[in-house]
Every structure is written in structure tokens, then in C-alpha cells.
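Working notes, structure below.
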Amino acid sequence: MKFSHSLQFNAVPDWIDHYVAYDHLKKLIFQIEKERVDALNNTSSDAEKMSEIVVQDQDKFLTQLDIQLEKVFDFYSQKETELYNSLDSLDHVLTACLPDLNHHQNDKYPNMMINTDTPLTTLDSTVNLPIHSINEVVVPTHRRKMSFESRMSTQTHDTQHHHEYVGQLVDLRSQLISLYVSLSELDSYVELNRMAFEKILKKHDKVLDADLRSQYLKKMVLDSRPFMPQTVEALRAQIERVERLYADAFCNGHVNHAVRQMKTHLRDQITYDRNTVWKDMVNQERKTLDAHVKEKAAPKMKKIPFTSYQIRAELMNTLIAFFFSVAVFIILLNVDIFGDRQENYCFALLIFAACMWATEAIPLYATSLMIPFLIVPLGILRNSDGSQMAAKAAAKAVFQSMFSGTIMMLLGGFSLAAALSKYGIAKAFASHVLSRAGTRPRWVLLSIMSVATFLCMWISNVATPVLCFSLINPILRTLPDGSPVGPCLLLGIALASCIGGMASPISSPQNIVTLQYMSPNPGWGIWFGVALPISIISVVCCWGALLLVYKPDKHVPHLNKIKPTRDKITLTQVFVMAITILTIALWCAESSIEEHIGDTGIIAAIPLFVFFGTSILGKDDLNAFLWSVVVLAQGGMSLGNAVTSSGLLEDIALQIKDGVQDLEPIAILAIFCFLILVFSTFVSHTVAALIIVPIVQQVGQNLPIPHPNLLVMGAGLACSAGMGLPVSGYPNMSAVMMEDATGKPYLKTKDFLIVGVPISIVVTLLIFTLGYGIMAGVGY
């Protein structure tokens, strides 16, 4: 929970206007930040002028801080006097009602009852001066005092006197409880405001790169009466005094019983206040959102043919896609295309799955879960002798195909990404790199794109865009309204993350699928050798295209500078980095240690059991894994196993081979790359890999001179090249959802078309030219 919400949630509702105006101060900080960037972009501003602006800004902020501090001081002084006087009055009443309710003394405060001055009148404003005597809680004497209840049992049975005494009892108890609640709320008031000053000063120093926190806190806040240690000690002493009075009056001197009873009332009051405040916070948040978000239009309705019923247009489209896919599936089940029942059924299932994935009639992962269910009843799988596999054996084979070393690599990559993100390692690295990029838009753009590409290699291109978007938020909030720099930066991150999806074996799900069909496994070394040159050149070309289209330097000469994180390196971060480096090193050396570990999936188990075993990652982190991606990959693997087992894959590959066998390998790779580019632009990158990569592998094996690994790796890299539409991959989907402060989206479809389509073509060209040369050089 943000501190602004925490402050409002824990504040006393009736006192809300007397707390530090945290949101107002935070807005002032961001306003000052924006004004500084605007002044920096003013060509007439020199160094001397900028220093004057900095001084003026700090004076402006200090003035507002002083106002808030004075507000807290005045309110606290007022409530302190009011509550302490009420306590003294109540003490006298209790003494009159119970003459034997004497107050105990000790050596530290011998004149506790003689001096009736409140700490407000006796406490000096100088920290070093001693505090005067105050009413303080002491250890009770050995003789128990009669409570009101005990006295009532010994009173005469005079009805009138009895009723008066009961009324007095109820009134005094209520007054004591109310006073206890008020004093506790005043104690909370002091602590919340102290935290508010500390948090807002920290925010000021971080955003404006200043050093005001330590000085102002020590010299102004902590030296003010409400926050002085003596004041806090006196307040808590008065709370204990109420506890003692309540104990002597109503609990036979048992302080613990008194505290338990009064805290019950305190909890009830807090629960009521918080429920009220929570409703107010929700209503306020809704009003804030309604202020800049367009009201949703009524859903478009369509009439169901041949009926009078209407349903939402979106649901209608989904139903049409679903029934179309089912119709195609049923038709293909009854058409003999390949002359073999298993192959015909498998082809029908393949087309059905492709239609369901392409149209997203149901979620992608739901389609993947449906595939194993259909494989066994259709009798698609075959034994090694060509006979139909029994249902029990087929079910076992399907489930075996759904879990492999590839899935373990996917889970291992998720664990590395979770640890690097959770402990701020990825953010710290990115912020330190960006802080050295300066303020020129062209270099900031190149830096954030390079950071995005690099981080995709380790925390996947699903998590990287979200992290990078948060990193450039200080830049986005200081841009002029309607500036093209914002869309330029966001599109740069999205396209760089798509390109980064090919940079390492764990940077995207499609790479994991590609590795499944490569034999022998290329290892991380060969993958880096092929993918990194393509990625680097692609990022540079994309950077140039963005500069050409958006011209960010022309619109905003200088951007707000990203501040690096100042947190100290912890032992946990060092441990996470050590395990990460060890895992990657073993993956890179997999080919040389294969006889000992068997599969890369075994290495992927290292971060899983180490991070979860040492509680570096917990159950919530495990639940946060992208299980939908895992299920999607498992469904694709079960479909790939079915296509292979039924003989369909070999038949399709042989027919394609007959048409391309006379072509050079580079031409065959180019054909498949452009086919995959089109498919992955309109459909998920992972789905493109699941459907096309197995076919490419079989074609490569059946060529006169086999090149399966060359074609499979090239096709796998081409899956990441599709970035011409907002739906082309996770990074684009994340970017198109980004909105400015007024709720207006930064990016539109035309932004992706203008830059994404040309870059997609450039990346594809690099894959079957530069990539082909490198892969041929390593023997593929």
C-alpha cells in the first residue's frame, strides 16, 4: 500500500485535515521536477540561472514543509491540553467517588498528585533540559482497592442511591474509555506525521537529487514539541495513567485486565474508522479515475440470426470463431486427405488447434488443455510397428510429452527472473545504466533499448517491458503535453524487447520450443554466437528508425535525468547473483558436461530448489509464475508428439521437400522465415513456434543434404521478428496499454505499423543472411 493511502487509512477521520498534506507535497515535488526540466530545455538558461532555480525551488518546498509542521504543532498542542485537562478532572472525580483511591508514589515521581500541571506547561522546548515531574504510572501497593462493582455489592439496598451509583459508574467508565481511545489516537497521530515527514523528505531527495532529509528532520521535525522524545514519553505515561485509574476503579487494581478491556474498545473504534475511511478512499479513487477516463460506451449489441435475442458483439464474434473452428474440425475428420485415418484425424486436430489459437475463441492455454483430451479418444498415436496405440498407453505417452527438460528450463528461467526482480537487482542495474545516459533524448532512447534487450536475456521479454516502463516514468511525467518523445520511448522499449526475445534460450517461450526440436542441443554458446549479432544490429536499426520518425531531439532537447537506486548491496542480492551466474555458466557449458547431467533441464533445477529452499522465493512467487505460458507450451508439445507419432509430420515434410529440395538452404530458410513472420505478426509468437517449427525440422531432415538445426534455429529466431501490430507479442501488448496522466493512450496501431513493420522485415533479412552465415560456419 502506498504511504498516502496508508496515512489516510490509519488516520483519525475527524482529524484528517490536521495531518501532513502528503499528497499535496508530493505533487509539489513533481511540479518542481517538471519545471526544472522545462528550464533546462530553455536555451537561455545557463548554469547560474539553473542554480538560482534550484534554490528557489528548495525555498518553495521548505515553506510548504514549515506550514505543515506548524499545523501539526498547533493541533497537537490543542489536543494535548484538552485531553490532559480532561484526565485531571476525571482523576479528581474518581478520587471523590472513591476516597480510598489514593495514588501511589515512587522515588522517580514523588510529587505525582501534588503537581497538576500538564506536560504542555512544564515541558521546555529545548531538548537538553530535563522534564519536570508528570503524572506517571507506578507499581500498586499490596492492598487491593475496591472497584465500583465491589462497592456496589456492599452498599445498602437503597434503590434511589443504587440507580444513581449505577449511572455514575456507566458514565465514568465511558469517559475513561473515551479518554484512552483519544490519547491512543493522539499517540498514533504523532507517529504517522513523523513518518509522513520522513517519507516526503526521502521522496524529495530522490526525485530532485537533493540532500534535505537529514538536516530538516534533525533540526526542525525532531526538535518540534510533538516529536520530541520527552513529549512522546509524557503522552505514553498519561495513557498508562488512564490504565491505572481504570484498573483501580473497575478491575480491582488488575492493570492487565483493564488494558485488555480498553483495547477491545480501541480495536472496535479503529475497525469502524477504517471501514469508513476505506469506503471514502474507494469513492475518492473512483472520482479521480472518472476525472480523466472516458465513460465506457454501452456495449454494442448484435441480434442472433433467426431469433429476437441480442448479445454483445464481442461475444458474438467469439462464438462465430468457436463454431467456425468446430465446423472445420468436423469437416476435416470426415475428409480423406492423406489416405490414412490417424493422419487425417491428426491433421484435423492440427487445423482445429491452429484456428482456435489464431482466433482466440477461448484462451490460448484453454486450447492447449483441450489438445491432450482429443488426442487419446481420436486414436491418433501409433506404436513403433505402425499399429494404433492403446488408450492407456496413449494417455501415458501424451502426459510424458507434456513434461520435459524444456519445461524445466522454462521454470528455471522464471525463477531467475523472479529473484532478479524481487530483490531489485534488475532495476538497480537498469537505473545505474540509464543514469549515465545523460539527458539527450537520442542517447536515453538508445540506452533504454539496450537495457531492455539485455534484461530480456535473463528475465524474459514478458517481465522486461513492465520494468522498463516504470523506470522511465520520471521522464514521462515531465514531458510537455502531446510530446512525441513519450510514444518514441515506449515503442523503443517494446520493439527492443521483441528483438531481445531471440537473444538467449530463456528470453522467450518460443526459444524454449525451438530448443525442443534441435538435436544436438546447441548450448548457450552457439545460441549467443548466432542471436547476439542479429539482435545488436536490429536494435541499432530500430533506434535509427525511431529517430527518423519521431525526431525526439527536435521536440525536447533535454529529458529528466534518471536517478540511480541508492540502496546498499545486500548478502541476499549477492547470493542471487552467484546462483544466477552459476546456472548460466553451466548452461553455456552444457555440451561439455552432458554425459554427467544428461539435459539442460537438470541444470534448471538448481535455481528452483535453491531459491525456494532458502525462502528467497516463496509461495506467492511460485503462484506468480506465468503458468499460462507453461500450459501453452505443454499443449504444443503434446500436439507435436501426436503429429510425429501419427506420421502426419513426415508426410507434410516430404511433400514440402519435393517443392523446395532443388533450392539452396538459404532460400528455404528465407521462405520459412517470411512465412513465420506473417504468422507471428497476427498470432502469438509462441503459437507460431508450436505450429511451424516441427514442420521445419522435418523438412530439414528430409532434404538431400539435411540441415535440420539450421532451419529450426532460423525459424525459431524469426518467431521473435513479428512486431508490426499491437497484438504481436507480449511487449507490444504491454506498451499499447500505457496511458498518460489524462488517461490518453501513448501509442496507437499506426505507430506499430510505421516503425514495427519495416523493422520486422529488417530483422527477418538479418536472420536468413547474417544468421545463415554464422550457423553455416558452426556446421549447421
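Keep in mind that this is a model prediction, so the values were computed, not measured.
Remark: the backbone N or O of G722 is paired with a side-chain donor or acceptor of H685 at under 3.5 angstrom. S435 places no side-chain N or O within donor-acceptor distance of the main-chain N or O of I562, the cut-off being under 3.5 Å. Proximity of a side-chain donor or acceptor of H204 to a complementary backbone N or O of I200 within less than 3.5 Å is not detected. Between the W527 side chain and the M502 main chain, a donor and an acceptor come within less than 3.5 Å of each other. A distance-only check finds no donor-acceptor pair linking the side chain of T453 to the backbone of G500 [under 3.5 Å]. In this structure, the side chain of N732 engages the main chain of M723 through a donor-acceptor pair within 3.5 Å. No donor-acceptor distance shorter than 3.5 angstrom exists from the side chain of K427 to the backbone of K422, with no hydrogens or angles considered. When atom types are taken as modelled, the side chain of W587 and the backbone of W524 share no donor-acceptor pair closer than 3.5 angstrom. Of the possible donor and acceptor atoms, one in the side chain of Q573 sits under 3.5 Å from a partner among the backbone N and O of T570. Checked by atom type and distance alone, the side chain of S450 pairs as donor or acceptor with a backbone atom of L446 at under 3.5 Å.
Partners of F625 under the side-chain contact (heavy atoms from CB on, under 4.5 Å) rule, at least two apart in sequence or in another chain, are L411, F414, S415, A418, L608, F612, L622, W627. By the side chain to side chain donor-acceptor pair (under 3.5 Å) test, Q68 pairs with K71, sequence neighbours left out. Every ring-ring contact (aromatic ring centres under 6.0 Å, His included) that Y19 has, sequence neighbours left out, goes to Y189. Not counting sequence neighbours, the partners of Y550 by the side chain to side chain donor-acceptor pair (under 3.5 Å) test are D751. D553 pairs by the side chain to side chain donor-acceptor pair (under 3.5 Å) definition with R440, R442, not counting sequence neighbours.
Between F469 and N473 there is no side-chain heavy-atom pair separated by less than 4.5 Å. For the pair L491/L546, a side-chain contact is recorded, criterion being any heavy-atom separation below 4.5 Å from C-beta on. Inter-residue side-chain proximity for V55 and D59 is flagged as met; some heavy-atom pair is nearer than 4.5 Å. Residues L559 and V37 form no side-chain contact, since every pair of their non-hydrogen atoms from C-beta on lies 4.5 Å or further apart. The closest side-chain heavy-atom distance from V629 to Y730 is below 4.5 Å. Using a 4.5 Å heavy-atom threshold, the side chains of E191 and M195 count as touching. Side-chain atoms of L476 and Y746, non-hydrogen and from C-beta on, do get closer than 4.5 Å to each other. No side-chain heavy atom of P552 sits under 4.5 Å from any side-chain heavy atom of P484.
Taking all atoms of both residues into account, the shortest heavy-atom contact from M449 to G492 is CG-O, 3.5 Å. Pairing each heavy atom of L717 with each of A531, the nearest pair is CD2-CB, 4.2 Å. The heavy-atom pair separating L467 from A426 by the smallest distance is CD2-CB, 3.7 Å. Nearest heavy-atom pair across V20 and N193 is N-OD1, 2.9 Å. Between A437 and W443, the shortest heavy-atom distance links the atoms O-CB, 3.6 Å. When all heavy atoms are compared, the tightest approach of T681 to S728 is O-OG, 2.5 Å.
Note: L677 CG to I767 CD1 = 8.5 Å, rounded to the nearest 0.5 Å. With rounding to the nearest 0.5 Å, the separation of CZ in F61 from CG in L201 is 5.5 Å. Atom CG of residue L28 and atom CG of residue D57 lie 8.5 Å apart, to the nearest 0.5 angstrom. From T478, atom OG1 reaches atom CD1 of I475 across 7.0 Å, with rounding to the nearest 0.5 Å.
Within 6.0 Å of the NZ atom in K60, the count of heavy atoms belonging to other residues, nucleotides or ligands exceeds 12. More than 12 heavy atoms of other residues, nucleotides or ligands shown are found within 6.0 angstrom of CG on N623. Under a cut-off of 6.0 angstrom, the local environment of NZ in K206 is sparse, with at most 12 non-hydrogen atoms contributed by other residues, nucleotides or ligands.
Remark: K202 does not engage E198 in a salt bridge, criterion side-chain N to carboxylate O under 4.0 Å. Taking the charged nitrogens against the carboxylate oxygens, E33 and R36 have no contact shorter than 4.0 Å, which rules out a salt bridge. The pair K563-D209 fails the salt-bridge criterion, with no side-chain N (NZ, NE, NH1 or NH2) lying under 4.0 Å from an Asp/Glu carboxylate O.
Under 3.5 Å, the side chains of N511 and S507 contain a donor-acceptor pair of N or O atoms.
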Worked verdict on F752 versus V757 for side chain to side chain contact (heavy atoms under 4.5 Å, CB included) = CA-CA 7 Å; F752 291 95; V757 171; over 6 Å; no

query = Step by step, would you call L212 with L62 a side chain to side chain contact (heavy atoms under 4.5 Å, CB included)?
reply = CA-CA 9 Å; L212 187 62; L62 284 173; 3.8 Å; yes

request  = Check step by step if side chain to side chain contact (heavy atoms under 4.5 Å, CB included) holds for F30 and K34.
outcome  = CA-CA 6 Å; F30 292 148; K34 190 174 187 304; over 6 Å; no

message = Using side chain to side chain contact (heavy atoms under 4.5 Å, CB included), reason through I472 and I493 one step at a time and then give a plain yes or no.
response = CA-CA 10 Å; I472 65 167; I493 293 172; 3.7 Å; yes

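If you run side chain to side chain contact (heavy atoms under 4.5 Å, CB included) between T583 and each of V610, I603, I506, only I603 comes through. Partner P731 forms a side chain to side chain contact (heavy atoms under 4.5 Å, CB included) with one of N461, T464, V736, I499 and no other, that one being N461.
Ring geometry, F611 versus F575: the interplanar angle exceeds 60°, so the pair is classed perpendicular (tilted spans 30 to 60°). Classification of the Y216-F197 ring pair by plane angle, with boundaries at 30° and 60°, yields tilted.
Sorted by first and then second residue, the ring pair (Phe, Tyr, Trp, His ring centres under 6.0 Å) pairs with a member in residues 481-500 form an empty list; sequence neighbours excluded.
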